[in-house]
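The next block holds one structure in the form of structure tokens; read it before the comments.
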Amino acid sequence: MGILTENDFEKTPVLKDIRDAKEVCWINPKFTDFTTAKAACDVTEADVEDAEERLKRCAPLIMECFPETKEAGGIIESPLKAVPKLQKLLGAKYGICEGKLLLKMDSHLAIAGSVKARGGIYEVLKHTEDLAIEAGIISGYEDDYTKIVSPKAREFFSKKLMQVGSTGNLGMSIGIMSAAIGYKAIVHMSADAKQWKKDLLRSRGVTVIEYEGDYGEAVKTGRKQSDENPDSYFVDDENSKNLFVGYAVSARRLKKQLDDMGIVVDADHPMFAYLPCGVGGAPGGIGYGLKLVFGDAVHFFFVEPTQAPCMLLGLASGKHSGICVQDVGLTGKTHADGLAVGRPSGFVGKVMEPMMSGEFTLDDWRIYDYMRDLQESENIFIEPSSAAAFQGPIFMKNAPSMQEYLKKHGLEDKLSDSIHIAWATGGNLVPPEVRSEFAKTYLK
Ligand SMILES: *Cc1c(COP(=O)(O)O)cnc(C)c1O
């Protein structure tokens with residue numbers, strides 16, 4: 001079929017399961033120790049530290065634009081929360097593995113209400129800082145960054161254009177942040193994007209262009225239009241190192257949160273992290289950041305919908321961004337709008353290849369069930385896409401390939417001392433009427 005031959009499917013049987021839209025638990029055969037993996041990676045620890053410093057420099061600007069961030073000193077960070085009642089409920093319903101289940105609540109990040117508040121806002125700030133220094137709005141890193149939103153600067157930024165292609169949440173983060181600085185902003189939205197996300201952006205003065213096609217098409221058109229205009233900057237989710245390092249900063253902050261909770265992560269107390277994946281930037285950046293901080297003590301897994309497992313397909317076939325889910329006959333269509341991506345980031349896939357432990361896929365009905373499980377047990381709302389993360393602890397217990405992984409890495413008898421982080425990637429901005437629609441959605 002298309003790019004892959006029957007021989008490819010015979011050689012790598014998981015490709016058949018992917019093609020047949022089965023739920024899979026894939027263990028990455030190229031996974032290796034982090035010292036080796038890191039040597040092959042061209043994003044460095046210094047790049048992540050640089051991003052962290054930039055976010056600190058920009059904190060006064062963030063506070064000026066978004067007063068709700070004042071309490072946190074202009075640092076956009078989310079809570080890490082133990083969810084024992086959910087753990088009990090999931091355990092009773094599906095069986096989940098031992099250890100302590102934690103929820104990383106990027107669903108509640110300030111400004112954008114999703115994980116995109118990390119990468120997206122970071123990239124807008126980085127570009128803004130570059131322009132502001134070049135134009136003499138600020139004299140350098142030591143200057144007062146609130147000058148960036150002075151009336152004179154606003155005039156300057158109003159002539160600049162920021163563009164992005166998005167399934168929804170990235171557009172919201174880039175759009176909201178760009179509008180706050182004063183840029184003209186255009187968001188190219190794929191057909192999967194939810195109406196309320198488009199409405200919210202338009203209410204902030206952002207231009208939303210809608211596409212009949214999928215995310216890849218929205219990105220392609222946006223990139224082309226931006227390239228034709230010297231005053232336009234395109235946030236390129238399929239290739240951006242800036243987004244990636246913006247996401248990676250999360251891990252050092254997570255370390256501090258774990259320290260504050262008295263939770264140790266080391267060889268005898270392993271951490272497992274479950275990261276919902278679209279194009280790969282967010283889970284890739286976070287996964288890489290976690291490895292930098294916790295090394296071989298952390299094992300991270302991506303989670304994708306059975307109809308849009310683009311990163312898994314790219315990795316398992318070795319073709320990365322040279323293949324899309326439609327090439328194996330999948331639709332790319334899923335209720336998990338934030339994960340509705342048909343072709344993965346090639347850049348991220350290559351970085352992930354030696355360090356990602358594996359991937360899970362899940363059917364759409366589960367995301368609503370898991371969302372309700374969390375709501376009922378802990379009274380926390382997250383959007384269905386991000387509830388995909390709970391496939392992690394469930395497959396960890398139930399999938400035979402995972403049992404082999406645990407055995408191979410000597411983890412079987414360490415599970416009772418392990419922690420499991422489900423990365424909740426979005427939800428806080430979802431309007432009440434959409435929440436009640438979700439609550440009533442049963443696909444099975
Ligand atoms: C964007 C998004 C993801 C995944 O991020 P990618 O960078 O596209 O892989 C996960 N969950 C939600 C809710 C998202 O909006």
Name each donor-acceptor pair under 3.5 Å that joins a side chain in residues 100-109 to protein atoms two or more places apart or in another chain, with its distance.
{"unit_1": "Lys104", "atom_1": "NZ", "unit_2": "Glu77", "atom_2": "OE2", "d": "2.9"}
{"unit_1": "Lys104", "atom_1": "NZ", "unit_2": "Ser78", "atom_2": "O", "d": "2.7"}
{"unit_1": "Lys104", "atom_1": "NZ", "unit_2": "Ser78", "atom_2": "OG", "d": "3.1"}
{"unit_1": "Lys104", "atom_1": "NZ", "unit_2": "Gln257", "atom_2": "OE1", "d": "2.8"}
{"unit_1": "Asp106", "atom_1": "OD1", "unit_2": "Ser78", "atom_2": "OG", "d": "2.7"}
{"unit_1": "Asp106", "atom_1": "OD1", "unit_2": "Arg118", "atom_2": "NH2", "d": "2.6"}
{"unit_1": "Asp106", "atom_1": "OD2", "unit_2": "Arg118", "atom_2": "NE", "d": "2.7"}
{"unit_1": "Asp106", "atom_1": "OD2", "unit_2": "Arg118", "atom_2": "NH2", "d": "3.4"}
{"unit_1": "Asp106", "atom_1": "OD2", "unit_2": "Trp423", "atom_2": "NE1", "d": "2.7"}

For the pair [X] and [Y], find out whether any cationic side-chain nitrogen is under 4.0 Å from an anionic carboxylate oxygen.
| X | Y | value |
| --- | --- | --- |
| Glu383 | Arg435 | no |
| Glu49 | Arg252 | yes |
| Glu238 | Arg343 | no |

Can you name the ring pair (Phe, Tyr, Trp, His ring centres under 6.0 Å) partners of Phe234, sequence neighbours left out?
-> none
Can you confirm whether [X] is buried at [atom1], in the sense that more than 12 heavy atoms of other residues, nucleotides or ligands lie under 6.0 Å from that atom?
| X | atom1 | result |
| --- | --- | --- |
| Glu71 | CD | no |
| Glu142 | CD | no |
| Lys397 | NZ | no |
| Lys93 | NZ | yes |

Could I get the full list of salt bridge (charged side-chain N to carboxylate O under 4.0 Å, His left out) partners for [X], not counting sequence neighbours?
| X | answer |
| --- | --- |
| Asp364 | none |
| Glu359 | none |
| Lys256 | Asp260 |
| Glu412 | none |

Sort and list the pairs that fulfil side chain to side chain donor-acceptor pair (under 3.5 Å) and have at least one residue in residues 296-305, not counting sequence neighbours.
-> His299-Tyr405
Under 3.5 Å side-chain donor-acceptor pair for [X] and [Y]:
| X | Y | value |
| --- | --- | --- |
| Glu53 | Tyr141 | no |
| His269 | Asp266 | yes |
| Ser240 | Glu123 | yes |
| Asp144 | Thr146 | yes |
| Asp369 | Tyr442 | no |

Does the [X] side chain pair with the main chain of [Y], one donor and one acceptor, at a distance under 3.5 Å?
| X | Y | answer |
| --- | --- | --- |
| Ser190 | Asp214 | no |
| Thr12 | Val14 | no |
| Asn28 | Met356 | yes |

Given Lys241, which of Asp42, Asp236, Asp50, Asp47 fulfils the salt bridge (charged side-chain N to carboxylate O under 4.0 Å, His left out) condition?
->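 So, applying the salt bridge (charged side-chain N to carboxylate O under 4.0 Å, His left out) to Lys241 and each of Asp42, Asp236, Asp50, Asp47, only Asp47 qualifies.
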Interatomic spacing from [atom1] in [X] to [atom2] in [Y] - rounded to 0.5 Å:
| X | Y | atom1 | atom2 | result |
| --- | --- | --- | --- | --- |
| Leu415 | Leu411 | CG | CG | 7.0 Å |
| Lys408 | Ile27 | NZ | CD1 | 9.0 Å |
| Glu378 | Lys88 | CD | NZ | 11.5 Å |
| Leu374 | Phe381 | CG | CZ | 9.5 Å |
| Ser385 | Lys194 | OG | NZ | 7.0 Å |
| Lys56 | Ile75 | NZ | CD1 | 7.5 Å |

For Leu330, check side chain to side chain contact (heavy atoms under 4.5 Å, CB included) against everything at least two apart and list the hits.
->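 Listed in chain order: Ile18, Ala21, Gln307, Pro309, Val325, Val328.
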Could you pull out all residues at least two apart from Glu10 that satisfy side chain to side chain contact (heavy atoms under 4.5 Å, CB included)?
->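 With neighbours one apart ignored, the set is Glu6, Lys16.
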Provide the closest heavy-atom pair for [X] versus [Y] in the form atom of the first, atom of the second, distance.
| X | Y | answer |
| --- | --- | --- |
| Gly349 | Leu315 | O-CD2, 3.5 Å |
| Gly280 | Val348 | O-CG1, 3.2 Å |
| Ile286 | Ser250 | CG1-OG, 3.7 Å |
| Phe360 | Cys25 | CE2-SG, 3.5 Å |
| Ala340 | Ala308 | CA-CB, 4.4 Å |
| Val249 | Ala51 | CG2-CB, 3.7 Å |

Under the side chain to side chain contact (heavy atoms under 4.5 Å, CB included) criterion, do Gln391 and Phe301 qualify, and how do the steps go?
-> CA-CA 10 Å; Gln391 188 78 337; Phe301 298 84; over 6 Å; no
Assess whether ring pair (Phe, Tyr, Trp, His ring centres under 6.0 Å) is satisfied between Tyr370 and Tyr94, documenting all intermediate values.
-> CA-CA 11 Å; Tyr370 294 162; Tyr94 309 99; 5.6 Å; yes
Would a line drawn from the ring center of His420 to the ring center of Phe390 be shorter than 6.0 Å?
-> no
Please examine the side chains of Val298 and Val265, heavy atoms only from C-beta on, and report whether any two atoms are closer than 4.5 Å.
-> no
Could you check if a side-chain atom of Ile148 sits within less than 4.5 angstrom of a side-chain atom of Ile181, using non-hydrogen atoms only?
-> yes
Distance under 6.0 Å and angle within 45° of ring axis: Arg54 vs Tyr122 = no
Kindly indicate, with the supporting measurements, whether the criterion side chain to side chain donor-acceptor pair (under 3.5 Å) is fulfilled by Thr167 and Asp337.
-> CA-CA 6 Å; Thr167 60; Asp337 55 331; over 6 Å; no
Should Lys197 and Asn169 be marked as a side chain to side chain contact (heavy atoms under 4.5 Å, CB included) after you check the CA-CA gap, both sets of side-chain angles, and the distance that decides it?
-> CA-CA 8 Å; Lys197 295 183 181 176; Asn169 284 341; 2.9 Å; yes
Of all pairs that satisfy salt bridge (charged side-chain N to carboxylate O under 4.0 Å, His left out), the ones with a partner from residues 347-356, not counting sequence neighbours = Lys30-Glu353
Please collect all ring pair (Phe, Tyr, Trp, His ring centres under 6.0 Å) contacts where either partner lies in residues 243-267, sequence neighbours excluded, each pair once.
-> Phe244-Tyr288, Phe244-Phe347
For residues 303-322, pull every pair meeting ring pair (Phe, Tyr, Trp, His ring centres under 6.0 Å), keeping only residues two or more places apart or in separate chains.
->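 Pairs touching residues 303-322 that pass the test: none.
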